[in-house]
Amino acid sequence: LISAVAGELFPLIAPDKDSSRPPPSTLGSYLALILGFTAGLLFMFGLERITDGFDADDDSSDDDEGDLSVRLLSDDSDGPDRMSEFQVHSKKLRQEAGNLLRLLNHGSRDNIDEQIHGMEVQVHRAGQHLSPRGPFAPHNLARMKFHAKELCEAGETLQRTESVRAARHALVAFDGCLKHLHSHAKR
């Protein structure tokens, strides 16, 4: 942004050798540069603020913390059923933590990473029993279908890659789309 603004303003600030008009003063040049830069920033951030409202549902909850920070058991009437299901998963999590400890003694990076991801799935499942949800809202479901199509396209792009650099870029795009889709699933 700085170079674009400066590139546009520099011809106006720089003295023109072929011109009969006097060059602008140093103060005038600095003032024009500062005002132009400020106007550019205001335009850029103003436009961003305006356009964020158009697609607010897409980026409103892209956090990775999930819903475990919310009060989970609001009422004890169905708490025992939820708690029994939760206990099944908490037992698995305790076992998986022991497995992780054993894997850490061997130092296999791939096995450790796979174990941690498996534990993340168990945490997600346990959390679902503590805060059950109803069906998806129609608008959210429509957005998820849209993003699922994007995910399929990203998967096709991922398969067509022919270099490591392109594969990394495509994998980052796929992962970003998947995380965004997951943020809709948590709503």
Side-chain angles (χ1 to χ4, degrees), residues 45 48-49 51-187:
F45 288 117
E48 179 183 10
R49 187 178 257 323
T51 59
D52 277 350
F54 292 132
D55 210 13
D57 68 314
D58 276 353
D59 299 322
S60 61
S61 67
D62 281 345
D63 62 340
D64 289 330
E65 287 188 32
D67 295 321
L68 293 179
S69 59
V70 178
R71 191 171 141 221
L72 298 174
L73 295 176
S74 58
D75 132 34
D76 287 334
S77 62
D78 57 349
D81 291 337
R82 286 194 248 168
M83 285 306 297
S84 65
E85 291 294 325
F86 173 77
Q87 292 299 329
V88 169
H89 291 287
S90 66
K91 182 179 179 181
K92 288 180 184 176
L93 281 168
R94 188 187 56 175
Q95 292 169 347
E96 296 297 326
N99 291 341
L100 177 62
L101 192 56
R102 284 188 287 284
L103 286 172
L104 287 168
N105 290 328
H106 300 297
S108 170
R109 181 181 296 271
D110 291 338
N111 290 342
I112 292 168
D113 189 53
E114 185 176 338
Q115 181 68 28
I116 290 171
H117 287 296
M119 292 173 71
E120 289 173 336
V121 169
Q122 288 298 323
V123 167
H124 183 71
R125 287 181 181 162
Q128 286 177 326
H129 292 293
L130 295 177
S131 56
R133 298 187 180 122
F136 289 110
H139 175 72
N140 194 33
L141 190 58
R143 294 300 300 164
M144 289 176 70
K145 288 176 183 177
F146 173 80
H147 292 306
K149 289 176 186 174
E150 286 181 330
L151 192 65
C152 289
E153 291 170 7
E156 290 172 9
T157 302
L158 193 60
Q159 268 193 316
R160 288 193 307 264
T161 58
E162 296 180 4
S163 70
V164 172
R165 183 176 184 193
R168 283 185 185 135
H169 182 71
L171 189 58
V172 166
F174 186 90
D175 185 49
C177 189
L178 182 62
K179 285 179 180 175
H180 184 76
L181 186 57
H182 187 233
S183 75
H184 279 281
K186 292 190 288 185
R187 296 178 193 177

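Sequence positions, counted from 1, serve as the residue numbers for this chain. Source: prediction; values computed, not measured.
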- CD1 of Ile112 to CG of Leu104: how many Å apart, nearest 0.5 Å? 4.5 Å
Would you please name every residue forming a side chain to side chain contact (heavy atoms under 4.5 Å, CB included) with [X], sequence neighbours left out?
X	value
Arg125	His89, Val121, Gln122, Gln128
Asp175	Lys179
His117	Asp113, Glu120
Ala170	Thr157, Leu158, Thr161

- Message: Any side-chain to backbone donor/acceptor pair from Gln115 onto Glu96? Under 3.5 Å, distance only.
- Response: yes
- Task: Using side chain to side chain contact (heavy atoms under 4.5 Å, CB included) as the criterion, point out the one residue from Leu103, Asn111, Leu100 that pairs with Ile116.
- Result: Leu100
- Looking at Met144, Glu150, Lys149, which one forms a side chain to side chain contact (heavy atoms under 4.5 Å, CB included) with Phe146? Glu150
- Query: Looking at residues at least two apart in the chain, or sitting in another chain, which of them share a side-chain hydrogen bond (donor to acceptor under 3.5 Å, both in side chains) with Glu114?
  - Reply: none
For a quick test of reading the model, state the closest non-hydrogen atom pair linking [X] to [Y] and the distance between them.
X	Y	value
His147	Leu181	CB-CD1, 3.8 Å
Phe174	Gly155	CD1-N, 3.6 Å
Leu93	Met119	CD2-O, 3.6 Å

- Do Asn99 and Arg102 meet the criterion of a side-chain donor-acceptor pair at a distance under 3.5 Å? yes
- Classify the side-chain pair Ser84/Gln87 by whether it contains a donor and acceptor separated by less than 3.5 Å. no
- Can you sort out the partners of His169 under ring-ring contact (aromatic ring centres under 6.0 Å, His included), two or more places apart, ordered by chain and number? none
